[in-house]
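First up is the structure itself, then whatever we jot down about it.
Below, read A as the first sequence line, B as the second, and so on, with proteins coming before strands; counting in each chain starts at 1. Keep in mind it's a predicted model, so treat the numbers as computed, not measured.
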Number of protein chains: 2
Amino acid sequence: MAVTLADVAARARVSAATVSRVLSGNYPVAAGTRGRVLRAVEELAYVVNGPASALAAASSDLVGILVNDIADPFFGIIAGAVQTELSGAAQGGEKLAVVCNTGGSPERELTYLTLLQRQRAAAVILTGSASEDAAHARALTATLARLAEAGTRVVLCGRPTGVAAAAEATGAVPGESQGAEETREPGKARGAGKTPEADEAPPRVPLTALTTLAFDNRGGARQLTAHLIGLGHRRIGCVAGPAGRTTTGERLAGHRAALAAYGIEDTPRRTVHGAYDRASGYDAAAELLRREAGLTAIVAANDTAALGVCAAVRDRGLRIPEDVSVAGFDDLPFSVDATPALTTVRLPLQETGARAGRLAMGREERPPGGLATLRAELIVRASTSVPCP
Amino acid sequence: MAVTLADVAARARVSAATVSRVLSGNYPVAAGTRGRVLRAVEELAYVVNGPASALAAASSDLVGILVNDIADPFFGIIAGAVQTELSGAAQGGEKLAVVCNTGGSPERELTYLTLLQRQRAAAVILTGSASEDAAHARALTATLARLAEAGTRVVLCGRPTGVAAAAEATGAVPGESQGAEETREPGKARGAGKTPEADEAPPRVPLTALTTLAFDNRGGARQLTAHLIGLGHRRIGCVAGPAGRTTTGERLAGHRAALAAYGIEDTPRRTVHGAYDRASGYDAAAELLRREAGLTAIVAANDTAALGVCAAVRDRGLRIPEDVSVAGFDDLPFSVDATPALTTVRLPLQETGARAGRLAMGREERPPGGLATLRAELIVRASTSVPCP
DNA sequence: CTCGCGATAGAAAGCGCTTACTGAATCTGC
DNA sequence: GCAGATTCAGTAAGCGCTTTCTATCGCGAG
């Protein structure tokens, strides 16, 4: 039915081996022969059988990317950057990105990881926040370890917990992430010296196959809240992200750290959790305002939620930023176009995605210790101002 | 190194065939045996080797989705819906979505298609507008034909040209798309009767493997412009999408059809082309206003561009909608939150994506003639109103 | 001249899994 | 109880490609 290597070989009057060599190009083939083969390939419109070559060569050109929500620009930007990097490199050959939508579900995350392992993916990139549930963290670590063991490169993009758990599993102790673009050594990896006798040793997580690119969520949130406090705000509401997720925890911690630094009391009633969408932002802000009408500022879980917050504030007849300042997070493309333009914290999404892509292709060296924390930058725009009492 | 079927078989004290049968579950295996096998699989943490099984079974569980820009919610929504559908079905097994970012480049489109063919993808879904370039259309048709011939299901989602070209290639003549949710028979497919002698016949495009889900861009645009005209607007600017793309052409045609229906003269200077992003919208609107300060309304290529249009209008000191009405297209999630909320045309993105997913899995019957045009719905919000002279 | 070496091309052994075929029990109905 | 239907498990032949290991051909060195 389909054209195979053998067909090409027959047509070019060479052996299958030669055709294979011409196509993979890692073996000397005389120019004339190569030409004949290439012509035959052309004439027969031959396309390599991926599964077959993956089986024979024990390697594949698939790279998996796990995202929480593919319709969310946050992930779209990262995924886009990754893919550009994957296909940009002539060297190493075109890789195919497999984007998997977990919807934030730990189970689906595991399912996809297994599916990717089944495909013998060359690399796997996990993006976005992770569940803080211990049981899931353990299961995830185990799966990641199996993947790494099978030679799949693993890159965690914006999720520190993973590496912490994995490192913990191997006894290494990563320092507390905090600085920006700092990289630290979580204790030298134990020498992987060949121990012929220890053939039955428990499979240790090859930490060297795991790289983490973390966002400085905590620092960014701290800066943002500090900015608000600097403007004179004292009653600041917080629309936090989904409960039980690493990113939510980090941003909340930064927010509270700023509050604490300025000696401002923080009460639970000024925090409401919600998803990263407009409706959640709207509901959360409405709830916040109901609880305490005197709030002068609200920080949202991200820019999308901030849009909902703005709508809720306005529906209450309040002006932004005169009555209530509103701030987002992530600096998604549309936030500059919101009215008023959103003050937010910019995360280097594009850059991080590209870096993750390079790491996945093995085209970039992993940072020392396998961990790099990327700077978050405060972007002040029109949605925040001094409170007008 | 890795655990194989044979290892599991040995551990369960059965043959490899039996393990395979238990795992794929399409052959009777005694309950006891099945239990032993499953236990062994569990104990050894066995994961099927995808490439190997794909090779042996001559089938894969990969489904490719081509999008113009993965960071654009338009595609994100479609892709998300597709993926939900792919993994939602217990029946037929979990499929893996491979999302490919073409960036709107015809070459990359072809490249990805070849890459997917190499992986022997079970199905391929092409979304978004296509290039109107004839040479590319031909190349695309040829590639699609090869894919279809190899048994890959092909679904075109929001791009009518593809099927037209393919149909043309087989001699069928699809009627002019126009109605909403109408489906029509582009001439009965030629009987595919088995002709033993014709074994060397030129490979005909198996049209039955191709399905098109088209958006009624023309109708939507017509409604939108008619709405504007109905409000009293006569000088309407148009920020069209990228030149040379099917979607752009369709929307423009609808716009002009409405204009013509009301006897309003259309001049080229009221149309400017641009990309589907905010910056393009901004620039295009600025240009339009420079050319003709008296415009009372502007329709944008899509919601994202509309955001830019709004910004440009405001920067000129004009109010929306009092001085200039602005309308978008697609009804992306954020458009309801724009200020003022955007009047736009809703496209059933989610629904279409889901349908494409089902079609790709072979879980839904293709519409008669392989073509279904999906209704576009005018959504009137606050950004359009009667012109205030 | 003959030997040996570099440069190429071919032969063949799998890679791990699926799936006809077979084969051996265990059931049916008479 | 026995022929024939059933049910379940094993055998083995590939799927299409990669990759050793060999073989051949020239050609300059000895």
Side-chain angles (χ1 to χ4, degrees), chain A residues 1-38 40-41 44-62 93 114-115 117-122 150-151, chain B residues 1-38 40-41 44-62 93 114-115 117-122 150-151:
Chain A
M1 179 83 245
V3 179
T4 74
L5 234 211
D7 298 332
V8 176
R11 172 144 202 153
R13 317 192 131 285
V14 297
S15 70
T18 302
V19 177
S20 172
R21 298 201 263 245
V22 168
L23 262 22
S24 55
N26 42 213
Y27 191 86
V29 172
T33 316
R34 146 173 291 112
R36 250 180 317 138
V37 171
L38 257 18
V41 166
L44 294 168
Y46 170 69
V47 175
V48 179
N49 181 318
S53 79
L55 172 59
S59 76
S60 109
D61 47 5
L62 256 34
T114 302
L115 236 33
Q117 184 183 354
R118 162 181 315 181
Q119 297 299 332
R120 300 299 188 256
Chain B
M1 179 83 247
V3 180
T4 73
L5 234 211
D7 299 333
V8 176
R11 172 142 203 157
R13 317 190 129 286
V14 297
S15 71
T18 300
V19 177
S20 171
R21 299 202 261 245
V22 168
L23 262 22
S24 57
N26 43 213
Y27 193 86
V29 172
T33 317
R34 145 173 292 113
R36 251 182 314 140
V37 170
L38 257 18
V41 166
L44 295 169
Y46 170 70
V47 174
V48 178
N49 181 318
S53 77
L55 172 59
S59 77
S60 108
D61 47 6
L62 256 33
T114 302
L115 236 34
Q117 185 184 355
R118 163 182 311 182
Q119 297 298 333
R120 300 298 187 259

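Residue-level contact check: B/Val14 touches the backbone only, with heavy atoms under 4.0 Å from sugar-phosphate atoms and none from bases.
Heavy-atom nearest nucleotides on DNA chain D were determined for A/Ala52 and for B/Arg36, and the one closer to the 5' end corresponds to B/Arg36. Nearer the 5' end of DNA chain D, as judged by each residue's closest nucleotide, is the contact made by B/Ala17, out of B/Ala57 and B/Ala17.
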Which pairs of donor and acceptor atoms, one on a side chain in residues 48-60 of chain A, lie under 3.5 Å apart (sequence neighbours left out)?
unit_1  : atom_1 : unit_2   : atom_2 : d
A/Asn49 : OD1    : A/Ala52  : N      : 3.0
A/Ser53 : OG     : A/Gly50  : O      : 3.3
A/Ser60 : OG     : A/Leu62  : N      : 3.1
A/Ser60 : OG     : A/Arg120 : O      : 3.3

Which pairs of donor and acceptor atoms, one on a side chain in residues 24-32 of chain B, lie under 3.5 Å apart (sequence neighbours left out)?
unit_1  : atom_1 : unit_2  : atom_2 : d
B/Ser24 : OG     : B/Ser20 : O      : 3.0
B/Ser24 : OG     : B/Asn26 : ND2    : 3.3

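Under the salt bridge (Lys or Arg N to Asp or Glu O under 4.0 Å) criterion, the residue pairs touching residues 10-30 of chain A are A/Arg11-A/Glu43, with sequence neighbours excluded.
B/Gln117 places its CD atom 14 Å from the P atom of D/dG16, with the value rounded to the nearest Å. The CG-C1' distance, from A/Asn49 to C/dC15, rounds to 13 Å in whole Å. Here C/dA13 presents its C1' atom at 13 Å from CG of A/Leu55, a figure rounded to the nearest Å. One can place CG of A/Leu5 at 10 Å from P of D/dG16, the figure rounded to the nearest angstrom.
Closest approach of B/Leu5 and B/Leu23 over heavy atoms only: CD2-CD2, 4.4 Å.
In terms of the side chain to side chain donor-acceptor pair (under 3.5 Å) criterion, residue partners of A/Ser15 (sequence neighbours excluded) are, by chain and number, A/Thr18. Among residues two or more places apart in sequence or in another chain, the side chain to side chain donor-acceptor pair (under 3.5 Å) test is passed with B/Gln119 by A/Asp61.
Distances shown here put a side-chain N or O of B/Ser20 below 4.0 Å from the OP1 or OP2 atom of C/dT18. Proximity of B/Thr18 to the phosphate of D/dG10: a side-chain N or O atom is located under 4.0 Å from OP1 or OP2.
Sorted by residue number, the members of residues 21-34 of chain B with any non-hydrogen atom under 4.0 Å from DNA chain D read B/Arg21, B/Tyr27, B/Pro28, B/Val29, B/Ala30, B/Thr33.
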